[in-house]
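None of these values were measured; they are calculated from a predicted model. We count residues from 1, following the sequence as given.
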Amino acid sequence: MEEKKLDINSIIGFVLIFGILAYMLWQNQPTPEELEAQEKAKQEQVEAEQKSKAQEQTKVVTANDFVVGSQVDSLQQIKLQNKLGAFAYSAINSTIEETVVESDLLALKFSNKGGYLSEVKLKQFVNYDSVPIYLIKDNNASFNINFGTSDSRILNTKDLPFISSVTKNGDITVISMKLKASETKFLEYRYELKEGDYMMGFTVRSQGLGDVINQSQAINLDWNLKGYRHAKSISYENRYTDIHYDHENGKADYTGARDADEELEDVSWIGFKQHFFSSVLLTDSPFKKANIKAENLVKDEDVDTLYTKNFEATIPLQLQGGEINQSMDLYHGPNEYKTLHAYNRNLDEIVPFGWGIFGLINRYLFMPFFAFLGGFLPYGIAIIVMTISIKLLMSFVQYKQFLSQAKLKILKPELDAIREKHKNNKMKAQQETMALQTKAGASPMAGCLPALIQLPVFYALFQFFPSAFDLRQKSFLWADDLSSYDTILNLPFKIPFYGDHVSLFPLLASIAIFFYMRLTTGQNMQAQPQQEGMPDMAKMMKYMMYFSPIMMLFFFNNYASGLSLYYFISNLISIGIILVIKNYILDEDKIHAQIQEKKKQPKKQNKFQKKMAEMMEQAEQQKQAQNKRK
């Protein structure tokens, strides 16, 4: 009975314990909100694991993804083999570091990750803030070859480890960067740096990779660069920052300051040009095709102060016998005409001297003359001497122009009389006006033609001074840099289209233009009275007399002070020439007597004048016939 009782007690005890546990579990069961949160956490964990696996399978291979050199163990070698295929050899034997070399002109760094130039310093130049000029630094540039492999990989050389070596051959330093599949199979970037030269030899070649490179897939060379700001005014520098190129058998062209996306054929070189410095990729065997892009990075010059433009070039490479073999050159240096011209590869087209006759005047007249003056004179004085020389040579043009205006002024009473006499017959008035002007040798065209002769000179000089590398960082009077704007006052605010400073040379040039136009406009208004049915030229010229100096003041406030200095001196000399001509050379009484003598002489008309007279006569006859019919 006791055993039976014990069994019953045990059973009751177990039941009670189970009930208590059940009650405790029921009391501590999660709420619906807690169940939902747990389910969500589980789902997120599953998704994270799936994402991690997907990323591991599709991750882009870079040199930072693996350990290199002696630290690689057997498991890592297998991982590298899976990632890089044949080029795992290069990762195992490479180190992630930079190779540093220098010449007398360039200080260079080559990144073993990617094998390309990671830093280019021009040792002889500094920027507006006395900081050394760097064309490449801090990942603003990349050089990459994109290609497929026979085992279905797509590789980018910019992400892969190269093995470097440096050797000397006289005054030439050879830098070899190899992406190796074995000791005898590799892709090589070979650079040859010479003393006293901004041009480097550059060859991209492969050896023994015919069975590694996928022959059916495109092989593209991608070259990108973001141009650093080097000048005081980033917006002014950006006007002269663009892509220049030589294509189609020696045809030089450029994109201009705008954003660009262009396809080119038969390209000999592509230059990422800034105002005074360029990076150029050249080849002796032209690229069949190339795509270039330029993007302005200065949306707000108060905020965007580091870079000017982003440049891109994509060039398909052609295999030769299953291998890559492209011989090229790299230029990193100044846009100095004599330096670029010495290479005899049409690189001097990078200097924007202007097209057609304007470029010819600059290349063969102004540039040699200015270089001669700059050889023994301070550059500010050289500008003044050059300006005086040009104005004296062109003074005969001003004399002809002013003489024509003087003749028209003397004839004004007679011309007014003709218009009054034939005020009801405009055609007849024009006929007699032309006849009188022709006899007196005082055609209005005689004053326009000399002005047209000055235009090529005016525009050529407008192109010359901003492009003259010799003016860079040369001071004169209060101007610290004749290639940039001068400053006599910094404003606490910014005026639209003007800036936040006051430049004195543009101000002086504007004042000189005003007085010059006042002299010439006054003469023109007296010489050319208002004609019926025609715009009021006197009023228009009066407006121009005030508008032109204001436009000059706003437009040139951020331009090179050397150009403003030229216009200031040029207009001062023009004022002096006009005063001398007016007061000491031209005698109105004498001119009047000469006109009267010419009027007496029979005037032989040229073919154009004769044709015009016949047309006006026919028009007059038709008008008379119409009046009779009415």
Side-chain angles (χ1 to χ4, degrees), residues 60-63 66 68 77-78 80-94 110-117 142-165 167 174-192 200-224 247 263-270 281-292 312-330:
V60 176
V61 182
T62 71
F66 38 76
V68 296
Q77 288 185 25
I78 295 172
L80 289 173
Q81 189 70 37
N82 292 333
K83 293 283 187 181
L84 301 178
F87 293 107
Y89 180 92
S90 195
I92 294 170
N93 293 277
S94 179
F110 298 85
S111 174
N112 285 20
K113 178 187 174 181
Y116 58 87
L117 278 163
S142 68
F143 190 94
N144 176 60
I145 294 179
N146 173 275
F147 64 97
T149 63
S150 56
D151 54 358
S152 302
R153 289 179 172 83
I154 301 296
L155 298 179
N156 291 290
T157 59
K158 67 179 181 179
D159 297 322
L160 303 179
F162 282 63
I163 300 172
S164 66
S165 65
T167 57
V174 178
I175 305 95
S176 173
M177 310 294 290
K178 291 182 178 179
L179 176 63
K180 291 186 175 183
S182 70
E183 280 302 311
T184 58
K185 295 183 177 182
F186 52 81
L187 173 68
E188 180 185 28
Y189 293 169
R190 180 183 174 88
Y191 305 87
E192 295 185 0
M200 287 188 293
F202 178 49
T203 302
V204 177
R205 72 182 187 96
S206 66
Q207 178 177 299
L209 297 184
D211 60 342
V212 177
I213 297 175
N214 189 327
Q215 307 286 316
S216 63
Q217 288 185 337
I219 301 173
N220 289 320
L221 185 159
D222 298 312
W223 180 36
N224 302 334
H247 66 140
E263 291 187 1
L264 311 175
E265 295 182 355
D266 299 323
V267 184
S268 298
W269 54 258
I270 296 172
L281 179 67
L282 308 93
T283 177
D284 291 325
S285 52
F287 304 119
K288 289 187 177 181
K289 291 183 181 295
N291 180 265
I292 57 173
E312 298 179 14
T314 300
I315 304 167
L317 297 180
Q318 307 297 317
L319 292 174
Q320 300 176 19
E323 301 282 358
I324 299 173
N325 190 5
Q326 187 72 49
S327 178
M328 295 173 282
D329 293 291
L330 280 169

Could you tell me the separation between the [atom1] atom of [X] and the [atom2] atom of [Y], rounded to the nearest 0.5 Å?
X      : Y      : atom1 : atom2 : answer
Phe143 : Lys158 : CZ    : NZ    : 12.5 Å
Lys178 : Ser164 : NZ    : OG    : 11.0 Å
Thr157 : Ile145 : OG1   : CD1   : 5.0 Å
Gln326 : Leu319 : CD    : CG    : 11.0 Å
Lys289 : His247 : NZ    : NE2   : 13.0 Å
Asn144 : Leu155 : CG    : CG    : 10.0 Å

Would you find a donor on one side and an acceptor on the other, under 3.5 Å apart, between the side chain of [X] and the backbone of [Y]?
X      : Y      : answer
Gln215 : Ile213 : yes
Glu323 : Leu209 : yes
Thr314 : Asn291 : no

Under 4.5 Å between any side-chain heavy atoms of [X] and [Y], yes or no?
X      : Y      : result
Val212 : Phe87  : yes
Phe186 : Arg205 : yes
Thr283 : Ile315 : no
Gln318 : Gln320 : no

Of all heavy-atom pairs between [X] and [Y], which one has the smallest distance, and what is that distance?
X      : Y      : result
Asp211 : Lys185 : OD2-NZ, 3.5 Å
Met328 : Leu281 : SD-CD1, 3.8 Å
Val267 : Ala290 : CG2-CB, 4.0 Å
Asn220 : Pro316 : OD1-CA, 3.5 Å
Tyr191 : Tyr116 : OH-CA, 3.4 Å
Gly201 : Asp329 : CA-OD1, 3.4 Å

TODO: In sequence, state the C-alpha distance, the side-chain angles, and the governing distance for Arg190 and Val174, and then conclude on side chain to side chain contact (heavy atoms under 4.5 Å, CB included).
DONE: CA-CA 7 Å; Arg190 180 183 174 88; Val174 178; 3.5 Å; yes
- [ ] Kindly say whether the aromatic ring centers of Tyr189 and Phe110 come within a distance under 6.0 Å.
- [x]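 Here the rings of Phe110 and Tyr189 have centres that are no less than 6.0 Å from each other.
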